[in-house]
2 protein chains.
Amino acid sequence: MKKNRSHCPVNFALEIFGDKWTLLIIRDLILFNKKTYGELKNSPEGIATNILANRLSLLEKEGIVVKSKDPNNSKVNIYDLTPKGIDLIPVLLEMSIWGAHHDPNTAAPPAMVKKIETERAAVIAQIKAAIKDPSKNIFKNK
Amino acid sequence: MKKNRSHCPVNFALEIFGDKWTLLIIRDLILFNKKTYGELKNSPEGIATNILANRLSLLEKEGIVVKSKDPNNSKVNIYDLTPKGIDLIPVLLEMSIWGAHHDPNTAAPPAMVKKIETERAAVIAQIKAAIKDPSKNIFKNK
DNA sequence: CTTTTTACTTGCAAAACACAAGTAAATGTG
DNA sequence: CACATTTACTTGTGTTTTGCAAGTAAAAAG
C-alpha cells in the first residue's frame, strides 16, 4: 500500500497496524512478554508463519520493535519493544476495555477489566515494569 | 473471514475493525459528526465507494451504527452511532495521541493533543455532547 | 554425524482491494 | 411534465494480500 493517504494521526496509526494481525503481535509483546518468533507463532489465534515474518519485519522497519540475537542461544532471535512500541499500551488497553464490554463471550476477567478502568495509570506503570521484568506480569494465562 | 479466532478482547475488536478503513469511518462519525454516505466518501483518504458501502453494512450488522432515512430528504441515508460505537471514543483518542507523537509530519494541532492528554474525561464528554449537537464539535477542520 | 529445533521462505489458490463505470430512486429545474 | 442532477450505492475487472501447506537453512543437541 502507498502511504500518506493523509496526516491524520488516526490514519497514521492505521497505515502501520491497520490489519487483523499486527496488533495481536504487539499485544503478545506488551501484555504477555513474548519475545521470540516461536512464542509469537503459538498464540491461540494461529497466525500463519509467512504473515508473522512479514509483520515482524514491518514492525522493525517502523521502529516499533528491535531484533537481536539471544546471547544464550544464537539460533533464537529476540524481538524487543522500542519506546514507540511501548507507547501503544494505552491503545491496547482501550481496545481491551471495549472488547470486554461488547463481546458477550469475552475471556477477559471482569476484575482485570475493572482494574484497568479504575487504576489506569497504575496498570500502565505495571505493564511497563513487566516489560523489563516479566516476573511482574499480571496478564499471563488470563 | 471466519470469526472467533479467540475470545481475547483485543482480538474481538480486531475481528470487527482490524483493517485500514473501518476506524477511519468511525473517526468521521465520532470526531467530525459526519452522517451520510456522501460525507464519508469525501474524506481526504479517498475511500473507494464499494469499500465504504461494504464497511457501513458491516458496522450496521455489528450494531455500531444504525441506518435511517433523513426525514427532510428521503434520498439521503443517515448513519448514527449506537452506544457500542460511541464507546470507541477512547480507542480513537489513544490512537490519535500515539499517531500525533510518532508521525513527524502529523496534522494534529499540539494544543489539541495536549488537551486530550491532560483533560481526557472532559474531552470525551465534549465529544459525546457534539454527537448529539454537532455545533459543539471541537475537531472539525483540524 | 545425524536429528531436532528455530526461524524463516516459497508456491499457489482464494479472498480482499482499488479503480472505473454503471444503475436506480428521489429531487430539482425549465 | 420532461429532463438533468443528486445521492447511494452495485458491478466488473485487474491487482494485491491472505491463508495454507510444504520446504529450506543454520545452530544446537544427541
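Order of the sequence lines sets the chain letters (A, B, ...), proteins ahead of strands, with each chain counted from 1.
Distance CG (A/D70) to C1' (C/dT6): 11 Å, rounded to an integer number of Å. Between the CG atom of B/N42 and the P atom of D/dA8 there is a distance of 10 Å, rounded to whole Å. Rounded to an integer number of Å, the gap from CD1 of A/I25 to P of C/dA7 is 14 Å. Put simply, NZ on B/K35 is 17 Å from P on D/dT7, counting in whole angstrom units. At whole-Å resolution of the value, NZ in B/K20 and P in D/dT16 are 16 Å apart. In this structure, the CD1 atom of B/I78 is 15 Å from the C1' atom of C/dA26, given to the nearest Å. B/K41 has its NZ atom 14 Å from the P atom of C/dA20, to the nearest Å. Taking atom CG on A/N77 and atom C1' on C/dT5, their separation rounds to 13 Å, with Å as the unit.
Between B/K84 and B/E60, none of the side-chain N atoms (NZ, or NE/NH1/NH2) sits under 4.0 Å from a carboxylate O, so this pair counts as no salt bridge. Ion pair A/E39/A/K140 not flagged as a salt bridge, since none of the NZ, NE, NH1 or NH2 atoms sits closer than 4.0 Å to an Asp/Glu carboxylate oxygen. Between A/E15 and B/K20 there is no salt bridge, since no side-chain nitrogen of the basic residue lies less than 4.0 Å from a carboxylate oxygen of the acidic one. Salt-bridge check for A/E62 with A/R55: failed, with every basic side-chain N at 4.0 Å or more from each acidic carboxylate O.
Under the 3.5 Å distance criterion, with hydrogens and angles disregarded, no donor-acceptor pair is assigned to the side chains of B/K67 and B/S57. A/H101 and B/D87 form no side-chain donor-acceptor contact under 3.5 Å, judged by distance and modelled atom types alone.
At D/dT10, none of the side-chain N or O atoms of B/Y37 fall inside 4.0 Å of OP1 or OP2 (strictly under the cut-off). Phosphate contact (OP1/OP2 of C/dA16, side-chain N/O of B/W21, threshold under 4.0 Å): absent.
With hydrogens and angles ignored, the 3.5 Å screen pairs a side-chain donor or acceptor of B/D19 with a backbone N or O of B/W21. No side-chain donor-acceptor contact under 3.5 Å links A/N137 to the backbone of A/A130.
Identified under the side chain to side chain donor-acceptor pair (under 3.5 Å) test for residues 70-82 of chain A, with sequence neighbours left out: A/K35-A/D80.
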Original post:
Which letters describe nucleotides 22-29 of chain D, given B = protein heavy atom under 4.0 Å from base, S = only from sugar-phosphate, - = neither?
Top reply: B----BS-
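Between A/N50 and B/K67, the residue anchored nearer the 5' end of DNA chain D, judged by the nucleotide with its closest heavy atom, is B/K67.
Of the residues in residues 51-63 of chain A, those placing a heavy atom less than 4.0 Å from an atom of DNA chain D are A/I51, A/R55, in numerical order.
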